[in-house]
Amino acid sequence: MAKKITKQVSTKARDVNTQKKIYVLAETVTKAALSGKEPIVSVPTRSRSNTIWNKKRGILEMGNATQDRQLFNLNQAKIFMQTLLHSGSIKDLIEADKTLSLRGMFYKGLHTVAGTKEKTFVDQTESDGILEDLEVSLTALREELHIFAKKAGSIVGNITLIDSGDEIDCRRMGSGGYAIPSIVEPDVIQFKKCEAKFILHVEKNTVWSRFNEDRFWEKHNCILTEGGGQPPRGVRRLLRRMHEELKLPVYCLLDCDPWGHYIYSVIKQGSISLAFESQRLAIPEAKFLGIRAKDYKACGLSDDVQIALNDNDIKRAKEIAAYPWFQGHKPWQKEIEGLLTNGFKMEVESLITKDISYVTEEYVPQRLKDKDWLE
Amino acid sequence: MVGKDAALMSKKQPKSGKSRANKSVEESSDGAAPRKGKNRGATAEEMGSRQRDISVSEFFAKNRHLLGFDNPRKALLTTVKEAVDNSLDACEEGGILPELAVIIEDLQPDRPATSKSSRYRITVVDNGPGIVRKQVENIFGRLLYGSKFHRLKMSRGQQGIGISAAGMYGLITTGKPMQIVTKIRSSDAAHRIELAMNTKTNRAEVTADAETKDFPPAKLRDVTAGSRSLAATDGFLSPKIFPTGTSVSIELEGRYQKGRGSVDEFLELTGIANPHARITYVPPSRESGADDEELLPADSVATAVDAGEVKVEVTSEHHGVIMFPRAVNELPPETREIQPHPKGVELGTLLQMLKEYEAAEKGSLYKFLQDQFCRVSASTAGALCEAAGATSRTRAGDVEPQQAEKLFAAFQEAKLGPPPVDCLAPIGVRQLLAGMLKGVRAEFYAASSREPEIYRGRPFQIEAAIAFGGELPTEESSRVIRFANRVPLLFQQSACSSFKAVAETGWKNYGLTQPRGSTPTGPLVILIHMASVWVPFTSESKEAIADYDEIRKEMKLALMECGRKLGSYLRKRLKMRREGERRDVFERYIGEVSKSLHHIHGADTREVYDALLAQAKKRTRQADQVLNEDGKVVKAEDPSDQEGVLVVADAIPALAQSDRSEVKDSHLEAKKPFQSANVNAKTKRGKVSANESAKIKKSKRDDDSPTLFEAD
């Protein structure tokens, strides 16, 4: 089925490992089937209940709970079939040494189930879920499965990268920046040269553009990244690698709302759905620079920037306050309390009401200078 | 063909029935001659000279609607009905498995399409014991002559009016006499007699009388293409099948139309209630008043229903000839004649009985009570005599009217055992199932037979059966088919006690929809049979059973029993359907899983597929037994394990569908839940189990002679 394309890059050791894992999965099912036992695929549970807060390491980790995917269960039969179908697709990808996007995988596995009018996948969401399951059950990273997500996130700054052999000078990226790929593992991306002293990560592209246009990274000798809201894995992994390998501190500039707090939490501790990857993604030392609840008064912002908290926001804020890693943390409790007391949210862009470049020329430099951040 | 059975003929002269009928006629003629003014001229003598006996026959000739000859369509039906009833009664009394041929010839096939009626010749041939020559005139030529009226014994006919009235109707409308051919010994020649009824004298006149070897009459085999073909292949009307018997032909003005209340329906229902009879029916070639000649279907392949070990041939059509096959091989149990029960007589009847007893035997009241009633012991008789203010020596003829009244009152208060019930011959659960199975194409059949009960001192017994699903229409109101002593009741449904019983039964409890105060809706046929020594009809034309509380209660109980079985089956079927869906889901993905495993692991696709499929089947069956639709653990129960239930698996839509899915060799296995054919050999009176599961096999009728239900 899969055309074997012999690339110059020989099949890497971890591909062999992944192939073996897939083979074992299929073998377990086959043996069960032939011996009349129930075919089961065991999948670590990806739910909040199976997420453990490792206080010592400061990250979220996945527990040991697993779920059995049974073929002979009405609710799981289709998922079981899809799991094996995607396993086969991944085998093909590894053999061909190619990667596919999540959407690509959806199409690869898509066909009509023999003898019916039913399609193997109703939509991409189903397919994505199966792939996340496969990651955890094969304990293989997505990139090891030769799958990538769509690109989201940009980088500029005093750093030179090598991406698949091409040299990327992040100082010369114009107004658009370099798009952070989904797979940023060392065999794809290497750091060649870095003068930067820290990383400023901003929530979204609009704010990032402001900083890039003002050449913030040049003036302050740093790296500027954005993750389009909640940063995808590629961005988080790159941040983590730069933080770890280049010893760069990470500062986050996010909105003053529960969503901003949550993004910070994900960067710092990891997320529930990707708890199994926290150890590769989380940056426990990441710092929250702003926007802070106190800034409304401290910066003398006008009433116009207020966005009222709705019920959902309040509920969410309280949930976040109850996260174990925020719970015993007084400054954070105070910060969330401040948000609730204010009764409104503030976006980073609200600082533009002061001056177009207020955020790049006064706000961030002052905070960095005062070491006024939350951790 | 003799309701008025040959052997018993000699002794009876109709007395009470005739005299009573005459009396009422005389009364009415008295009323019709009013005495008005003296000067009108009519003297008592003159009037007296005009007053004379009115023949019963003449009375009925003028009042034929009383007997079911109201219109040409009904006349045709009534004639067939009376002849068939007599034939079946005769065969059963003679201990012969009934073999009937009903032939209706259209004698004016070229009439204009607009004419509403036509002239028909109805011929009914049976293989009964035949009729002795000298009784032929009495049986067919006189009204109110018969063996059945005076007895408290279960039989189809009761009054002895039917066949002679039909003959008379024929004579009036066409002028043609009735033709009878009867043969009492296979070695002897048959008698061929033509009878014309003289309505004035209540006597038949023989217009032709000859001996003949031609029985059954050969020309009957040559009526239609279908009958010719059947005679050649199936021995239709061959002397072998009819060594003795009677053939009656009546020509009459009638109207043939299919549908409700038609001859076709009557014979269909007769077949259901009489599974021991085989009836071949040659219908007329076209309906009356129909614009086009009815296109008769070509040879339709007969279908045999194979209910486990039990195989039943179902009703089939052969070049327009309809065959109602025999489904059981034994005759209904013979019934005994019983004496009336004291609580069942009326005062007038009691007086009459006393008078007759005095005239015949001149015994004492004490002896009279013991002789003429059932369930009166010597001591009871003594007590009754005392209560009537008489002694045990008092002669029956000396009982004063006041004493008789006291005696009658004492009857009502006395503690007496119920009348004996061996006078009843219920159809039987197994036979009902067989009858329904051959006549109604459904998937589920249930039947129940109640124990005998008493109304007005007369024993009766109620049986019910239902057929559900299959080819029955789903949106319509269910069909109620009613029988009294195995005779179908076709008219006045809503006046009938049985219909009320159906409407009063809560069918919703059994998973059916039921509009308020009405019969349930759905693919359902409901059968109710009342067996009794005297069925209380609402009218002389015997169309509806009178609404006695005792009777209706029994009917409801029988229906509820069937309903419970149906409810249990429907729940089971729902479960089966869900299981089928589950299995479908599994089977759907197994193919993909096997392919993927082959792709990754190199496992043999087919081998893995088969292994998984086997597991899927096993699992869905296990789940089926363990859980009900609410997810609660229930005891495994298969409706076909119950008594009096029959399930035809192939007629179940969901299951049949899942069977069609790919794997053919596991065909039988998939059906296993229905094959738990544990033959239950319990034999209670009136409760014979036929808890067979069933499947329909399409087979050519000629290859498959019917295997009949084995006796338990």
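Lettering of chains follows the sequences in order, A, B, ..., and the numbering in each one begins at 1.
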When rounded to the nearest 0.5 angstrom, what is the spacing between [atom1] in [X] and [atom2] in [Y]?
X: B:Arg588; Y: A:Lys78; atom1: CZ; atom2: NZ; answer: 8.5 Å
X: B:Lys595; Y: A:His111; atom1: NZ; atom2: NE2; answer: 5.5 Å
X: B:Glu607; Y: A:Thr30; atom1: CD; atom2: OG1; answer: 10.0 Å
X: B:His601; Y: A:Ile22; atom1: NE2; atom2: CD1; answer: 13.5 Å
X: A:Met81; Y: B:Ile590; atom1: CE; atom2: CD1; answer: 11.5 Å

Check the side chains of B:Tyr589 and A:Gln76 for a donor-acceptor pair under 3.5 angstrom, ignoring hydrogens and angles.
-> no
Nearest atoms (heavy-atom pairs only) where A:Asp92 meets B:His599 = OD1-NE2, 2.8 Å
Indicate the atoms forming the closest heavy-atom contact of A:Ala33 with B:Gln615, along with that distance.
-> O-NE2, 3.8 Å
Should we say atom CG of A:Asp123 is surrounded by more than 12 heavy atoms from elsewhere, each under 6.0 Å from it?
-> yes
For A:Glu118, is it the side chain, the backbone, both or neither that has a heavy atom under 4.5 Å from a heavy atom of chain B?
-> side chain
So which of B:Gly602, B:Ser594, B:Ser596 has the biggest tally of heavy-atom pairs under 4.5 Å with chain A?
-> B:Ser596
Of all of A:Asn73, A:Thr120, A:Thr83, which one pairs up most often with chain B through heavy atoms under 4.5 Å apart?
-> A:Asn73
Among B:Val593, B:Leu612, B:Leu597, which one satisfies side-chain contact (heavy atoms from CB on, under 4.5 Å) with A:Pro39?
-> B:Leu612
Would you please indicate yes or no on a ring centroid separation below 6.0 angstrom for A:Phe72 and B:Phe586?
-> yes
